[in-house]
Amino acid sequence: MELFGLYHYWTFAVLLMIGFYAVIAKSNLVKKLIGLYIFQSAVFLLYITMDKVDGGTAPIIQDGVTGQVFSNPIPQVLILTAIVVGISTTALGLAIVIRIKEAYGTIEEHEVREMDHRVA
Amino acid sequence: MDFFDIISWILFTTGGAFVFIGGLGALRLPNFYTRLHAASLTDSIGTILIMTAIMFQAGWSLAAIKLITILGFLMLTSPTATYALANAALLSGMKPGKPEYDKEGY
Amino acid sequence: MVNLFAMFLLTLLIITAVAIVRTKDLFVAVMLTGIFSLLMSANFFILDAADVALTEAAIGAGITTVLLLGALALTAERERPVSAPRWLPLVVVAITAVVMIYATFDKPRLGDPLAPVHQHVAPWYLEMTPVLIGIPNVVTAILGSFRGYDTLGELIVIFTACIGVLFLLGVPRGEGHQPPGNGAAPPDVALSHHLIPRVVGRLIFPFIVLFGLYVQFHGEFGPGGGFQGGAIIAAGIVLYTLLEGENSSFSAVPRWTLVAMAAGGAILYGAVGIAGMVMGGNFLNYSVLSNDPVLGQQMGILIIEAGVGITVCGALLTIFHVINAREHC
Amino acid sequence: MSLAGHLPILQVVVPLLIAPLVVFLRPRGLAWAAAATASLLAFLIAVTLTGQILRSGPVTYMLGSWPVPYGIELHVSPFSALILLIVTGASTVALFAGRRSINMEVNNDRQPLFYSAWLLALSGMAGITVAGDAFNIFVFMEIASLSGYMLIAAGPDRRALPAVFKYLLMGTIGATFYLIGVGLIYMMTGTLNLADMEARIHGVGELKPILVAAGFITVGLALKAAVFPLHVWLPNSYTYAPHMVTVFLAACSTKVSIFVLLRFDFLVFQQNLVAHDIQFATVFIPLAILAILIPSVSAMFESNLKRLLAYSSVAQIGYIMLGAALVSVTGLTAGIVTMFNHALAKGALFLAVACLGTHFLQLRIENIRGAARHMPWTMAAFVLAGLSLIGVPGTAGFISKWYLILAALQEGSLGIVLVAVVLISSLMAVVYIWRVVEAAYFGIEKEGLQPAGEAPLALLAVTWITVLANLYFGFFPSLPLTLSTEAATALLEHLR
């Protein structure tokens, strides 16, 4: 079952790269923000892949049942925080994109750069 | 393999078949409205069958009650969602009836 | 068998991500982002992370898609192709990918109980939570009490995003209902001609808020807590705003209460921390809140989860209303 | 426990919990008053904390009274005391100076939000400096960055928006790289507490995930700290931000990221990776040399005042990294002292530019020609601060340049090259400071640009206080030096 474990890590690497590529190569600002969101979501996958234990369940300790193997709770706590960081960054980025649209009339980065060069 | 397992097994397969047919329809049918029919198929009959199958698996417990409420909620919202989708499409000028592809070849 | 299903979901995840990057129509990209979050949430559930799956579904699929759609309504719909050289980004991405794959070889096998992650700190939490805090859900115990300082920081992050969006998109102070710009209250452009969705919406709206409250206060016993509860209630009120229109939504939840909720939750959380300090413990020490330490911990966690829920709900609603109101001018 | 015992947490919590309150203070000037008092309080806490640390060594504080590796721990070392002084000092100076200048740039009904974000940026940076937990640093790094983006986006010029969007993208990628690095370390050691991490990383030091984690953390933090090739977001962000925000962020925002970078590289990774110090040196010395030379050249040909000083900031970060890359006690001391002295010099320069900004809308060299006749005090402050930036003896800048040269000379043949680089860049600094001074004193005014008179008194007074601090620490550098030497020895004690 070695391949199955590595598959999780390789998906994380591929998703990271898709997001990273979208942020660098795309010129539409909203597409860049979506790429950034994919980039951050990939990291969640890395953390949650760590917490799996064979035969374990979600770390909720029922009173009656004993001898139950639980998955590791700490990466879940960290990722709860990271998800909210992701949406906060996306929300602020969207507000900036809306302001750019109103100030420049476009949300394509190369057009914004040309308008700045023409003025400067 | 007592009696409940057989029933839930049957329900699972028929529900799965309906979902598959719905998916296939949404892919292959020519224009928007016919595809909407196919997609709504998975929402209605597919959900009912699979939910009841899970209920049989869960037996008579708190989980079964939760499943019933979920089923009720889904039965209320998914037809409304399909209606809202069709209504919005109609309002935005997509004429039903013409079999060929719509404006941008959706 | 489950592993096979997990691999199927992961491949679907990659396909969706590639589709998001390649599509030219931004609405399609936003819808695919919603699907991406849903697949991510399903994946988390298979990896035994129930709390995170609920949060990812509520915040990732729910609120992020609504915000992206709101922003798209104000900006462009299609992405103009650009003929920039593609090789530089590809080279950079390729190098980072090789580094990442290189790192995966010595990683512990997935699910291996002997991995270092499960040896050091995790077993202590799993043993001591029933003893020290006495609530079943270990994740909420760690989130609320053992690493409560992180959650306070987290609350402040979403509060910062809320005042950031408020500052940038300039919603005027709360007096009166007239939105910014043209002054006169615009006619309710709500989906008046969508009668059926309005009726059904009005029917299920109270149940959504009820379910949100259930998730909020059920955080100690099952997956749930402040973040998820706040996000679900916010999604419910967003649905109400979409169906009934902006003005009736503000009559239900006035604008200034939203900012008050966003700030109030953070202050409530800090106040609990300082109360612990005043009563002799360190910052965020709930055991000193009452004579029985375990009861004190449970009381502390309940209050701060309420603070988290209030702030998350207030912040997400403020961000939505600001983007939604912006549309009129 | 007495109040003195709670100082580390009060340092972060005081501005953190006053920020949500400031949002409700609508009457004119009340928001500014609350923010100024909170910042002053934070500065006083930092000073008492520094006194405590000088007397009794590093202070740790357990949050929620949980035992060490299970709860979150705050760790205040001499190095963090120095950074706390820089952060709270810069914020207090900028707030007390900038009331009129901020009124000009941010309209009144949005000022409560502006000052709330200011306090959040301050508490975010203070949170990073005192944190002892790797993930906690990420959370407070996000707080500091998000509020920083908002403060920069408050700039009146529309070009602030694309600049801050690029900063948001690069900052978030940097923070996420850091998160990946922490995740990989957590995967191999099972702990997030920095002190605990050092101990447990021994056995797994050679495994691939730890090497990749070191790479990711260093690149992510270098991106946030604007180290040379990754600094492209800095010039435009500081140019188009409001003047007071530039004063605040230029003095401390990149230094906090360098603080975390050095802590990780010298505490967590240093002792475990064989030949790490040589890798660190071979990577960062060439980068530092490029960082010192290329931005100085572009500063020489830059006509916008604030972008000129922003390029010089990137060069100064190059000095700090050069000092650190020498991996010796004097080298590290030089790097850390440069942080303190650069904050003083650059803060004073940007304050002087803010004084000019109250009268000139376009802060370009050709626009401020002949400004010295009408604003003598401002330009005098600019000259003295410029001397400190160049490193003329008797000013704070000289101390850092002196220690840098001392450390470089210990490196033998390579040292000669480094000393040459430091001297060349000092000459370049003379050139671009002189271009401004010459235009201000000897240039003929452009017609129709009559500045009414001196800058507002509060702004001018605070500028002069900072300039005098520059001179004071030039003659009596004992405080920053003792803190830096203690920090350097703490960082390098593992190596011996």
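Chain letters run A, B, ... following the sequence lines, proteins first, then strands; residues in each count from 1. The shown structure was predicted, so the numbers you read here are calculated from the model rather than taken from an experiment.
Using a 4.5 Å cut-off between heavy atoms, D:P8 makes no contact with chain C at all. For C:V259, the parts sitting under 4.5 Å from any heavy atom of chain D are the backbone and the side chain alike. Contacts of D:V219 with chain C are absent, with no heavy-atom separation under 4.5 Å from either backbone or side chain. Of the two parts of D:V139, the backbone and the side chain both hold a non-hydrogen atom closer than 4.5 Å to a non-hydrogen atom of chain C. For chain C, the nearby parts of D:I72 are the backbone and the side chain; heavy atoms of each come within less than 4.5 Å. If you measure heavy-atom distances from C:M100 to chain D, the contacts under 4.5 Å come from the side chain alone. Residue contact with chain C, scored on non-hydrogen atoms closer than 4.5 Å, involves the backbone and the side chain of D:Y186 alike. Looking at D:L146, both its backbone and its side chain come within 4.5 Å of chain C, counting heavy atoms on both sides. Heavy atoms closer than 4.5 Å to chain C are found in the side chain of D:F216, but not in its backbone. Contact of D:A121 with chain C is not made at all, since no heavy-atom distance falls under 4.5 Å. For D:D196, the part lying near chain C is the side chain, with the backbone staying farther off; criterion is any non-hydrogen pair under 4.5 Å. Proximity to chain C (any heavy atom under 4.5 Å) is restricted, for D:F24, to the side chain, taken from C-beta onward. With a 4.5 angstrom heavy-atom cutoff, C:F146 touches chain D via backbone and side-chain atoms both. With a 4.5 Å cut-off on non-hydrogen atoms, D:L184 touches chain C through its side chain but not through its backbone.
Taking a cutoff of 4.0 Å between a charged side-chain nitrogen and a carboxylate oxygen, C:R147 and D:D133 qualify as a salt bridge.
Here C:T55 contributes atom OG1 and C:F227 contributes atom CZ; the two are 8.0 Å apart, rounded to the nearest 0.5 Å. One distance of note links OG of C:S287 with CE of C:M299; it measures 10.5 Å at 0.5 Å rounding. Put simply, CD1 on C:I310 and OH on C:Y269 are 13.5 Å apart, with the number rounded to the nearest 0.5 Å. For the atom pair CG (D:L63) and CG (D:L74), the distance works out to 4.5 Å, reported to the nearest 0.5 Å.
Among C:A161, C:G148, C:A260, the residue making the largest number of heavy-atom pairs under 4.5 Å with chain D is C:A260. Note: D:F140 leads D:Y149, D:F140, D:F138 in heavy-atom pairs under 4.5 Å with chain C. Of the listed residues (D:G71, D:G215, D:G64), the greatest number of heavy-atom pairs within a distance under 4.5 Å of chain C belongs to D:G64. Between chain D and the residues C:L284, C:L132, C:N285, C:I274, the most heavy-atom pairs under 4.5 angstrom are made by C:N285. Your options are D:V23, D:L16, D:T189, D:V12, and the one with the most heavy-atom pairs under 4.5 Å with chain C is D:L16. Annotation: maximal heavy-atom pairing with chain D below 4.5 Å, among C:W124, C:Y102, C:Y286, occurs at C:W124.
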CA sep, side-chain torsions, deciding dist, call: D:N103, D:Q111, side-chain hydrogen bond (donor to acceptor under 3.5 Å, both in side chains): CA-CA 8 Å; D:N103 278 345; D:Q111 274 190 2; 2.5 Å; yes

Step-by-step side-chain hydrogen bond (donor to acceptor under 3.5 Å, both in side chains) determination, D:S147 to D:W118: CA-CA 7 Å; D:S147 37; D:W118 185 291; over 6 Å; no

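At a threshold of 4.5 Å between non-hydrogen side-chain atoms, the residues C:I301 and C:I133 count as touching. Contact annotation: the side chain of D:Y178 never approaches that of D:L223 to less than 4.5 Å [non-hydrogen atoms, C-beta and beyond].
D:H6 and D:Y61 are linked by a side-chain donor-acceptor pair at a separation below 3.5 angstrom, with hydrogens and angles left out of the test. Judged purely by distance below 3.5 Å, without hydrogens or angles, the side chains of D:K166 and D:S237 never pair a donor atom with an acceptor atom. Between the side chains of D:N193 and D:T191, no donor-acceptor pair of N or O atoms lies under 3.5 Å.
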